[in-house]
Amino acid sequence: MNIIEIRNLSKIYDEKTVPVYALNGVDLAFKEGEFTCIVGPSGSGKTTMLNMLGGLDSPSAGGIRIGDTDITSLRSRQLIDFRLRNIGFVFQSFNLIPVLTAKENVEFIMQMQGIKKDQRDKRTMELLNAVGLADKVNTRPGKLSGGQQQRVAVARALASKPRFILADEPTANLDSKSAENLLEIMEKLNREENITFIFSTHDARVVAKARRVVTLEDGRIVADVSKN
Amino acid sequence: MIFLIAFKNIWRNKARSLIVITAVTLGLTGGLIAVAVMTGLVEQKVRSVINTEISHLQIHSPSYLKNSEPRFVIHEPEKVMQFISQIPGVKSVCERTLLTGMAASPNSAAGVRILGVDPPREKTVTNLYSSIPDSSGGWFTGSRKNQVVIGHKLAEKLKVRLKSKIVLRFQGTDGNLYEAAFSITGIFGTASSVFDETSVFVKKTDLDVITGGESGIHEIAVMMKDISSIPLIQPQLKRSLPGCDVQNWIEIKPEMGLLTSVIAVEVYVILGIILFALAFGIVNTMLMIVFERTRELGMLMAVGMSKARVFNMIMLETVFLTFIGGVTGMALGAGLIAFLGHHGIDLSVVSKGLSAYGVDTKIYPIITKAFYINLTIMILSTGVLSAIMPARKALKLKPVEAIRIE
């Protein structure tokens, strides 16, 4: 079953002067439980694609349907709430809140969702346990390694029980061991809990783990390969 | 959680936050002390005028207030005084004969206001007796006739000393001119040089003897147990004494009432200006904070933090920062004011100016509890208003751009 459907999606920058097609008539769909990589050279439209899927940017043409919702028709306030409840984000540079502990970084997403304290505490511990950081709950990001910070970011992305997780170059700032470790955790979460991951990456290790690889070039899909 | 994040965010850059907090603290402490000194100055001035000159209420013949001629006396003053004394809330009452005349010494002469008083009763209403230093005699000592108590300024002008003789010349209630020699038995020194130069106190009984009859009562002075009871008792007296004019201290000395009203507004203006100036520093700091945290704010909006929450977070940070400085400033200011209010600030270097103004050289700063409450509201308002610009700046960020800023 498709959880994301992209139809004829285009994003044109500098439309009035020299138009640049970041995305040019893309049609794509993602099924629940996929572990997909979007790859391509710099400027191919990977990041733009992820921004569109995350509702962070609006398309110039076309539409994106997530479940039953056409997110391109949502107003700003509705879109913020939609992101909170449906999409998990993992950023290249972790983007944790430095003044909060690992536990608090994961928990505050649930608090914004209005989840009760006891449920929040339980789920936070489950998630930190799942990413192997049960012993770092009260540690602030500044005291964690890059790999550990990104694992907290994954736990935070999962906190809201999203339909899918968008990970923009999640291993770019990690050493190979940390990257490998992170990928194993995400793969395990995908395999055991059927969580959908969509990556944008240059990292061959991520590509190697992915079960589907979508290749973009000049804003168009030039290859869409699924591995068995 | 927004509360927690906002509070923790303040301490990210401790040095910067401490600079802002210190600026607010010092600004408010300085402002509070300035305000307390001004308030204390006015309070002392008003208290001095009430206690040494005018008391809380004065009763005169309506004609006397229009034209201060000796013939316009209060009729049946004993009955009036007896009636007033019985009113609950009244502390003490005394009567005065008021005459305008000349005081002359062998060296000089000056126009004076002669107050014929009952010395023991006058002591219950005014505290002029306490303004006579031990070395300058006392408040009508013994039963000797024709004693006079004058101010030190008048003594200087007439070039007289304790036990010197002066001649007082005045017009009696019958319209005739009288004169008599008086012996100086006390020289007072109040905070008001004008009062010290123009007021002369004698026994009313001596005036009666000199004029060969009843010298008349022109003024009845009333002191309350509590100054706040004036609005209750004054109308009651006005109703009960239709042949008399009853004035409160503000009506007697409107400039005192004006001074009190002006200072009540001025203290807020001063603190308002200080807080307004501090607000610019706070806004600048918060704008820097928003600029530095652009990527983080972008992330928060990307993961679903609503604009209202972002606004509230910036607002809370600003209010915390302002309030910590504000509370510290108020605590420091209150401590200093309590200390200075107890020990006083010695301003004897400007004693001449203060004396002309009618204020003692030692100022006791004072601030009311209500002022602290209002100041707290002003500080919170400053925090909220200072937050608007940085918070709006944060709201204008686009998450897609903000999360990529290095």
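Order of the sequence lines fixes the chain letters, A, B, ..., with proteins taken first and strands second; residue numbering starts at 1 for each chain.
Residues of residues 116-143 of chain A lying under 4.5 angstrom from chain B, judged on non-hydrogen atoms, are Arg140(A) by number. At a heavy-atom cut-off of under 4.5 Å, chain B is reached by Arg156(A), Asp168(A) from residues 155-171 of chain A, listed in order of number.
Proximity to chain B is limited to the side chain of Ile109(A), based on heavy atoms less than 4.5 angstrom apart. Both the backbone and the side chain of Asn95(A) come within contact range of chain B, with heavy atoms under 4.5 Å apart. In this structure, chain A has no heavy atom under 4.5 Å from any part of Arg293(B). Looking at Phe91(A), the atoms closer than 4.5 Å to chain B (heavy atoms on both sides) all sit in the side chain, from C-beta outward. Looking at Gln113(A), neither its backbone nor its side chain comes within 4.5 Å of chain B, counting heavy atoms on both sides.
In this structure, Asp218(A) places its CG atom where only 12 or fewer heavy-atom neighbours from other residues, nucleotides or ligands lie under 6.0 Å away. Within a 6.0 Å radius of NZ in Lys393(B), no more than 12 heavy atoms belonging to other residues, nucleotides or ligands are found. Phe291(B) CZ: 12 or fewer foreign heavy atoms inside a 6.0 Å radius. Open room surrounds CZ on Phe3(B); 12 or fewer heavy atoms of other groups in view lie less than 6.0 Å from it.
In this structure, Ile12(A) and Asn24(A) have side chains that are not in contact, with every pair of non-hydrogen atoms separated by 4.5 Å or more. Side-chain contact between Met52(A) and Val26(A): absent, with no pair of heavy atoms (C-beta onward) separated by less than 4.5 Å. No side-chain heavy atom of Glu34(A) sits under 4.5 Å from any side-chain heavy atom of Ile198(A). Considering only heavy atoms from C-beta on, Arg83(A) comes within 4.5 Å of Pro399(B) through its side chain.
The candidate with the highest count of non-hydrogen atom pairs below 4.5 Å against chain B, out of Ser76(A), Gly54(A), Pro98(A), is Pro98(A). Of all the listed residues (Arg295(B), Lys307(B), Lys398(B), Met301(B)), the one sharing the greatest number of non-hydrogen pairs under 4.5 Å with chain A is Arg295(B). Residue with the most contacts toward chain A among Arg309(B), Glu401(B), Glu296(B): Arg309(B) (heavy-atom pairs, distance under 4.5 Å).
Nearest heavy-atom pair across Tyr364(B) and Gly341(B) is CD2-O, 3.2 Å. Minimum heavy-atom separation, His343(B) to Lys362(B): O-CE, 3.2 Å.
Between Trp11(B) and Phe7(B), the two ring planes are perpendicular [angle over 60°; tilted spans 30° to 60°]. Ring-plane geometry between Phe35(A) and Phe197(A) is classed as perpendicular, the angle between the planes exceeding 60 degrees on a 0 to 90 degree scale with a lower cut at 30.
Under a 4.0 Å N-O distance rule, the pair Glu292(B)/Arg16(B) qualifies as a salt bridge.
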